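Following: one structure in structure tokens, then a few remarks.
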Amino acid sequence: MFSNEYLKQRMAKAEKLKENGINPYGHFAKRDTKISEFLQKSKDVENLENKRDETKKFTVAGRVKFLRLMGKAAFFKIEDESGILQVYMSKNDLGDEFNVLKKTLEVGDIVEVTGYPFVTKTGELSIHASSVRILTKAIHPLPEKFHGLQDVETKYRQRYLDMIMDINTKNRFKTRSVVVSSVREFFIKHGFLEVETPMLHTIVGGANARPFMTHHNALDIDMNLRIAPELFLKRLIVGGFEAVFELNRNFRNEGIDYTHNPEFTMIEFYWAYHTMEDLMNLTQKLFDFLFEKLNLPKQLEYGDMIIDFDKWKKITYKDALVAIGNVPEDILDDVEKMKKYLKDSGVEVEEHIDNRGKLWAELFDEFVEAKLINPTFITEFPIEISPLARRSDENPEFAERFELFIAGREIANGFNELNDPLDQYERFKAQLEAKAKGDEEVMDMDYDYIRALQYGMPPTAGEGIGIDRLVMLLTNAHSIKDVILFPTMKPKQDNKEDI
RNA sequence: GACCCGUUAGCUCAGUCGGUAGAGCAUCUGCCUUUUAAGCAGAGGGCCGUUGGUUCGAAUCCAACACGGGUCACCA
């Protein structure tokens with residue numbers, strides 16, 4: 001612990017500060033100006049004859065990011081949340097204080113600087129220090145300044161360091177915060193009520209996924225972290241709330257990869273007396289709202305794609321297979337022909353995929369999904385792959401369901417809700433049968449939810465949007481870990497004391 | 001879960017054919033009052049991811065394991 005050579009050297013400097021009457025972890029900050037404010041208020045200085053304004057006095061603070069010590073003067077840069085500022089200090093101005101700083105000040109330290117604005121020979125607006133105080137001594141050296149922190153594992157495990165070293169990281173998470181608050185603002189503006197339903201469940205439901213299990217000691221019952229809030233939100237519709245949303249974490253005990261984290265953020269919203277058509281319109285409005293809030297171009301860069309948010313499309317599942325996937329129309333009602341087509345295309349189809357809907361899904365995943373770059377609503381889903389959606393009255397082969405695809409990826413999933421209690425009961429029973437056969441990603445029977453439907457849920461449309469993936473799209477992030485502040489990582493077992 | 005790649009100083013990275021562990025930045029000592037990856041002179045700093053194997057000898061070859069990344073499969 002604290003045995004590294006660099007830490008020892010820096011701790012010795014902290015001791016030296018104490019010897020000079022300075023607490024290396026003091027608490028006497030007197031900052032009166034953020035760096036961005038300083039730069040804004042001082043920008044006229046370069047028009048002055050001697051390029052300085054000694055009548056002004058500001059106190060700024062931040063972390064030292066660069067340090068250039070000379071014999072009797074020094075330049076360094078400090079960064080706060082708002083920006084970065086160069087400081088000039090000299091022995092002439094600081095006297096003995098300069099000598100102490102010269103021996104103790106290092107990159108990484110948090111300092112407070114009082115002084116006046118001036119412009120250097122090379123034209124950089126800076127602060128000429130009359131006083132420099134170390135507020136917090138950093139004893140762990142920062143990564144090298146030119147390349148910064150490159151190791152992705154360290155960026156995820158030590159996010160604080162990633163934030164110190166990479167302005168893009170800070171900006172990306174600021175954007176995430178704006179997205180989350182804007183989504184809230186949008187739904188509240190449209191008359192939705194934000195609600196909080198339980199995260200500790202006693203029944204697994206609302207999605208098909210394996211849950212995290214835990215135990216409540218006082219009640220002596222097993223509980224699971226929720227995989228979705230859906231069934232509680234729809235109970236609220238039964239209760240009389242007509243538009244509700246919940247924007248919070250779901251937990252699924254599944255694999256981790258660049259689009260999956262065990263805890264992830266979803267917004268689910270339910271709208272009584274509305275239809276999936278209304279949801280699609282609302283979704284498009286939500287994107288318009290976000291683009292305005294974030295000041296993003298409608299032709300958005302994502303990876304090597306350009307996504308045109310002025311060109312929304314709506315197409316049925318079947319038309320997408322034919323027009324976008326180039327699947328021959330005459331095979332779409334023939335299970336054997338579809339199997340042969342997939343096989344001839346080099347796609348291996350598992351044996352249990354034996355009905356029309358599942359084969360359409362195979363064809364869709366293989367030939368369509370990756371081509372849906374611009375925002376596209378896919379409608380008229382096969383009933384076989386839509387267990388929670390209402391069956392179409394006009395055409396019982398289809399579910400009243402849509403999905404939104406952007407950048408070849410599913411972004412949203414919505415449908416007219418099933419509100420027939422008997423039908424819902426049968427579908428829960430089918431889940432139990434699948435569980436008996438060994439399927440672990442199934443819902444439990446929720447008798448209370450059936451009872452709620454017995455009281456009557458008005459015609460309702462509901463939708464879910466994955467917030468993490470939405471932020472990935474809007475920040476051009478490749479991995480979900482890049483938009484989650486502290487992504488789930490396997491702990492390292494090596495010497496924990498050796499920090 | 002499968003396959004591929006990575007792991008060497010605080011950080012970014014070299015390391016040839018198996019033969020005493022390297023650079024830049026950072027750090028330490030000295031010099032330097034307008035620097036922009038500042039400069040000059042000198043110095044210190046290593047469980048080469050872990051364990052085992054082959055070998056006279058392993059950072060290097062082999063195996064297993066650990067952690068991470070990428071691609072595929074499944075999922076949101």
Side-chain angles (χ1 to χ4, degrees), chain A residues 3-10 12-13 51-52 65-77 84 86-94 98 102-103 106-108 118-124 126 128 138-158 161 164-165 206-210 227-228 230 250-268 347-348 350 365-366 403-405 409-413 439-441 464-470 472 478-482 487 489-495 498-499:
Chain A
S3 59
N4 179 283
E5 176 209 350
Y6 300 95
L7 296 185
K8 284 181 177 170
Q9 282 172 352
R10 284 178 166 243
K13 292 191 178 188
K51 304 218 178 258
R52 59 189 57 222
K65 297 299 289 288
F66 298 92
L67 177 58
R68 258 159 236 139
L69 274 170
M70 290 166 282
K72 296 184 180 65
F75 283 96
F76 57 95
K77 295 196 179 186
I84 190 159
Q86 178 167 264
V87 181
Y88 173 76
M89 67 175 184
S90 70
K91 188 167 183 177
N92 218 20
D93 299 301
L94 303 182
F98 181 85
K102 198 177 163 185
K103 290 288 178 190
E106 287 173 291
V107 171
F118 81 113
V119 176
T120 64
K121 276 182 184 171
T122 51
E124 183 168 345
S126 308
H128 189 123
I139 62 169
H140 203 125
L142 289 176
E144 179 238 335
K145 62 195 165 193
F146 187 63
H147 297 89
L149 180 63
Q150 296 295 324
D151 185 76
V152 287
E153 184 174 350
T154 307
K155 282 166 87 81
Y156 298 146
R157 287 188 192 276
Q158 298 171 233
L161 186 59
I164 290 168
M165 295 307 297
N208 291 104
R210 297 181 67 174
I227 58 174
E230 174 158 350
N250 291 339
F251 306 86
R252 297 189 186 175
N253 205 340
E254 289 169 350
I256 296 173
D257 65 22
Y258 74 104
T259 54
H260 294 84
N261 197 64
E263 49 180 311
F264 63 102
T265 303
M266 282 261 290
I267 178 167
E268 285 197 17
V347 183
E348 281 186 41
E350 290 174 43
D365 290 350
E366 190 65 30
E403 283 189 352
L404 171 62
F405 289 86
R409 201 178 281 168
E410 185 197 332
I411 295 294
N413 180 18
D439 189 347
E440 296 189 69
E441 294 186 354
I465 302 175
I467 296 294
D468 310 281
R469 291 182 183 180
L470 178 63
M472 284 168 71
H478 172 259
S479 170
I480 199 169
K481 288 187 168 75
D482 293 325
M489 302 284 279
K490 194 162 181 175
K492 282 209 161 178
Q493 293 302 320
D494 53 9
N495 303 323
D498 185 21
I499 56 172

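Hydrogens, waters and symmetry mates are skipped; everything else that's a heavy atom, side chains included, is used. Given the structure is predicted, the values throughout are model-derived calculations rather than measurements. Labels below follow one simple rule: chain letters A, B, ... track the order of the sequence lines, proteins then strands, and each chain is numbered from 1.
- B:G10 and B:A41 are spaced 26 Å apart, taking the P atom of each and rounding to whole Å.
- Separating the C1' atom of B:C11 from that of B:A37 is a span of 14 Å, rounded to the nearest Å.
- Nucleotides B:A9 and B:C13 are separated by 11 Å at their C1' atoms, to the nearest Å.
- Aromatic stacking of A:Y258 on B:G70: not satisfied for centres closer than 5.5 Å together with planes under 30 degrees.
- Taking the P atoms as reference points, B:G6 lies 14 Å from B:A63, given to the whole Å.
- Taking the P atoms as reference points, B:U16 lies 13 Å from B:G22, given to the whole Å.
- Between the NZ atom of A:K155 and the P atom of B:G10 there is a distance of 20 Å, rounded to whole Å.
- Looking only at distances, a side-chain donor or acceptor of A:D151 sits under 3.5 Å from a matching main-chain atom of A:T154.
- Taking atom NZ of residue A:K8 and atom P of nucleotide B:G10, one finds them 13 Å apart after rounding to whole Å.
- Spacing between B:G46 and B:U36 at atom P, rounded to whole Å, works out to 33 Å.
- What separates CG of A:L142 from C1' of B:C25 is a distance of 13 Å, to the nearest Å.
- For B:U20 and B:C48, the P atoms lie 16 Å apart once the distance is rounded to whole Å.
- No donor-acceptor pair under 3.5 Å is formed between the side chain of A:K145 and the backbone N or O of A:V107.
- Taking each heavy atom of A:D93 and A:H128 in turn, the nearest pair found is OD2-NE2, 2.8 Å.
- Remark: ring of A:F146 overlaps the six-membered base ring of B:A37 in a stacked fashion, centroids less than 5.5 Å apart, planes less than 30° apart.
- For the pair A:K77 and A:F66, the cation-pi criterion (under 6.0 Å, within 45° of the ring axis) is fulfilled.
- Comparing B:U34, B:C11, B:C13 by their closest approach to the side chain of A:Q150 singles out B:C13.
- The residue among A:K121 and A:T154 whose nearest nucleotide of RNA chain B lies closer to the 5′ end is A:T154.
- Rounded to whole Å, the separation between the P atoms of B:G44 and B:C28 comes to 16 Å.
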